[in-house]
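Following: one structure in structure tokens, then a few remarks.
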2 protein chains.
Amino acid sequence: MAATQSTTRQPLDKQRILEAAVAFADEHGVEALTMRKIAEKLGCGVMSLYNHVVNKDEMLVGMVDIVVGETEPPAIGGDWKAAMRASAAIAHAVLLRHPWVPAEWSRRMPGPKRMRYMDSILQVLTEAELGPEIVYSGYHAVTMHIVGFTLQEIAYKQVLDTDLEQLASQFLADLGDDYPHMADHVRAHLDDDGNSDEFGFVLDLILDGLERAGPKR
Amino acid sequence: MAATQSTTRQPLDKQRILEAAVAFADEHGVEALTMRKIAEKLGCGVMSLYNHVVNKDEMLVGMVDIVVGETEPPAIGGDWKAAMRASAAIAHAVLLRHPWVPAEWSRRMPGPKRMRYMDSILQVLTEAELGPEIVYSGYHAVTMHIVGFTLQEIAYKQVLDTDLEQLASQFLADLGDDYPHMADHVRAHLDDDGNSDEFGFVLDLILDGLERAGPKR
DNA sequence: ACCTGAACACCGTTCAAGT
DNA sequence: ACCTGAACACCGTTCAAGT
């Protein structure tokens, strides 16, 4: 009855709780996440968690911030578009590894790491000298793209995985009767080999648009 | 004990339940939405709802679809960019009236009205003859913009309303110590008179980018 | 066919008691 | 200072009984 659970007997702390919660959400989805389940996973009583975390909401803020810690803010000082692209690509990959995060992102207050991340994006845009209005709009456009686009991508993937598996062609035929363009689009998704980098394409649309709209030409 | 509750004694049906639920979510937020609360509002037992709605998840799908019914799909056949802009502006206004919808949008399967809406967007892009890759990416870019941008806008509004009200300048000063660009950005939000149409600005960035990327030049 | 109260299996969190 | 079981006030939904 000793070494079956590896991390059970370390003392509890906030970091360990958040990491367990992130792992659980990655595996089972955030809707299955329960204080009782995390406690079970950590081998402690439910209420022990509350010695390190004020409540479930605050815990989710911390969980998102842990995931943000896996991203890389854009580099300051070089080519601002290249820095944005590189940072966005990393964030995109991180969010795909933690598919519950995009939906929580806007629902919760930002934690410190997310603040830092956002501040860096604003700094890069500011130093690109595009003018204050472009910085203001561009910031929203870029962050929205990173989170919103990935959110949509994940939603598509999940619907296609669960709904299409068994029905496949029959489902598509029914869909096509009423929604022909939608059926074509779903077919395009199915044919997509995953190498098309649609995410980067739309990001470039936005970045190029910002540059063109900016005063430096 | 007669006429105090207006709609109490009509027979229950799915439409009436969904409308009551939408009104409740508009007023109290979707996280406060409860089967028991809707039943109370309709003056019936909780379980009566289940004669018309299979469960809470399916009810939320129907609620989102009711809100989609307030939007206007883009017009087919004319100037595709103008049609997109007009339709997106309406959708933006509708989503601001029902601030819980953007967060639910990607979480749920689409209902029939949302299918129709999406199919129309795809049709307009298809008939603009931009090429299949642009249709594919453009569809995601546009829908993501409509929902994602508005979601972000709502989140900002709520954080600013609740968090800033009492603290205001002190909050901003603290924020500015660690996150100077973020503090500037929040100040820009506060100065924003609401007439700047940032939503339309970024949409144009995307639409113009799609046109430029398309083969018709 | 529609309605409904009681009951069940869960939640997050408070409280009081332990070390 | 940290831990914890019992209990509370909720959930969504099943079930069996009513009309």
Side-chain angles (χ1 to χ4, degrees), chain A residues 1 5-25 27-66 100 103-104 107-109 111 162, chain B residues 1 5-25 27-66 100 103-104 107-109 111 162:
Chain A
M1 215 39 165
Q5 264 179 305
S6 52
T7 56
T8 297
R9 286 296 61 153
Q10 290 153 245
L12 228 42
D13 65 49
K14 187 166 178 177
Q15 189 66 18
R16 233 161 62 76
I17 293 173
L18 293 180
E19 279 165 12
V22 166
F24 186 95
E27 194 172 356
H28 303 103
V30 77
E31 69 285 345
L33 184 77
T34 271
M35 300 307 271
R36 283 165 166 90
K37 296 262 190 59
I38 307 173
E40 195 181 347
K41 187 167 174 168
L42 291 167
C44 69
V46 200
M47 292 316 299
S48 310
L49 302 173
Y50 287 86
N51 292 305
H52 306 95
V53 151
V54 355
N55 57 30
K56 195 186 181 185
D57 265 11
E58 195 250 20
M59 196 179 74
L60 273 154
V61 169
M63 288 167 64
V64 172
D65 224 43
I66 282 203
W100 52 275
E104 295 302 316
R107 212 200 241 336
R108 319 262 161 209
M109 288 278 298
T162 60
Chain B
M1 215 41 164
Q5 263 178 306
S6 54
T7 56
T8 296
R9 287 296 60 156
Q10 290 154 245
L12 229 42
D13 66 47
K14 185 166 179 176
Q15 190 65 19
R16 232 161 62 75
I17 292 174
L18 294 180
E19 279 165 12
V22 167
F24 186 94
E27 195 172 355
H28 303 104
V30 77
E31 69 286 345
L33 184 77
T34 271
M35 300 306 272
R36 283 165 166 91
K37 295 262 189 59
I38 308 174
E40 195 182 346
K41 187 168 172 165
L42 290 167
C44 69
V46 201
M47 291 317 298
S48 310
L49 303 172
Y50 287 86
N51 290 307
H52 305 96
V53 151
V54 355
N55 56 30
K56 195 186 180 185
D57 265 11
E58 194 251 18
M59 197 180 72
L60 274 155
V61 170
M63 289 168 64
V64 172
D65 223 43
I66 282 202
W100 51 276
E104 295 301 317
R107 212 198 239 336
R108 318 262 162 209
M109 287 279 297
T162 60

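Here is the naming used below: chain letters follow the sequence lines, and residue numbers restart at 1 for every chain.
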Nearest listed nucleotide, side chain of [X], among [options]:
{"X": "A:T34", "options": "D:dG12, C:dC2, C:dG12", "result": "C:dG12"}
{"X": "A:H52", "options": "D:dG12, C:dT13, D:dC3", "result": "D:dC3"}
{"X": "A:L12", "options": "D:dT13, D:dC3, C:dT13", "result": "D:dC3"}
{"X": "B:C44", "options": "D:dC2, C:dT4, D:dT13", "result": "C:dT4"}
{"X": "B:Y50", "options": "C:dC11, D:dG12, C:dC3", "result": "D:dG12"}

Rounded to the Å, how far apart are [X] [atom1] and [N] [atom2]?
{"X": "B:L60", "N": "D:dG12", "atom1": "CG", "atom2": "P", "value": "10 Å"}
{"X": "B:N51", "N": "C:dT4", "atom1": "CG", "atom2": "P", "value": "9 Å"}
{"X": "B:D13", "N": "C:dC3", "atom1": "CG", "atom2": "C1'", "value": "15 Å"}
{"X": "B:K56", "N": "D:dT14", "atom1": "NZ", "atom2": "C1'", "value": "18 Å"}
{"X": "B:L42", "N": "C:dC2", "atom1": "CG", "atom2": "P", "value": "16 Å"}
{"X": "A:N55", "N": "C:dC11", "atom1": "CG", "atom2": "P", "value": "17 Å"}
{"X": "B:M35", "N": "C:dC10", "atom1": "CE", "atom2": "P", "value": "19 Å"}
{"X": "A:I38", "N": "C:dT13", "atom1": "CD1", "atom2": "P", "value": "11 Å"}

Worked verdict on B:E104 versus B:V61 for side chain to side chain contact (heavy atoms under 4.5 Å, CB included):
CA-CA 9 Å; B:E104 295 301 317; B:V61 170; over 6 Å; no
Answer with base, sugar-phosphate or nothing: what part of the nucleic acid does [X] contact at a heavy-atom distance below 4.0 Å?
{"X": "B:M47", "value": "base"}
{"X": "A:S48", "value": "base"}
{"X": "B:L33", "value": "sugar-phosphate"}

Student check: side-chain heavy atoms of A:D57 and A:M109 closer than 4.5 Å:
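The answer is no, as the side chains (C-beta and beyond) never meet within the 4.5 Å cut-off.
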Counter-base of D:dA7, judged by Watson-Crick or G-U geometry with both distances under 3.5 Å:
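Looking at the geometry, D:dA7 pairs with C:dT13.
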Can you tell me the pairing partner of C:dG18 across any strand shown, Watson-Crick or G-U wobble, with both distances under 3.5 angstrom?
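Base-paired to D:dC2.
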Mapping A:G45 and B:R36 to their closest nucleotides on DNA chain D, which lands nearer the 5' end?
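Its nearest nucleotide lies further toward 5', so the answer is A:G45.
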Apply the test side chain to side chain contact (heavy atoms under 4.5 Å, CB included) to residues A:M59 and A:L33: give CA-CA distance (whole Å), side-chain angles for both, the deciding distance (0.1 Å), then the verdict.
CA-CA 11 Å; A:M59 196 179 74; A:L33 184 77; 4.1 Å; yes
Identify the residue among A:V22, A:L42, A:N51 that makes a side chain to side chain contact (heavy atoms under 4.5 Å, CB included) with A:I17.
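When side chain to side chain contact (heavy atoms under 4.5 Å, CB included) is applied between A:I17 and each of A:V22, A:L42, A:N51, only A:L42 qualifies.
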Pair B:E58 + B:R108, salt bridge at N-O below 4.0 Å
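B:R108 and B:E58: not salt-bridged.
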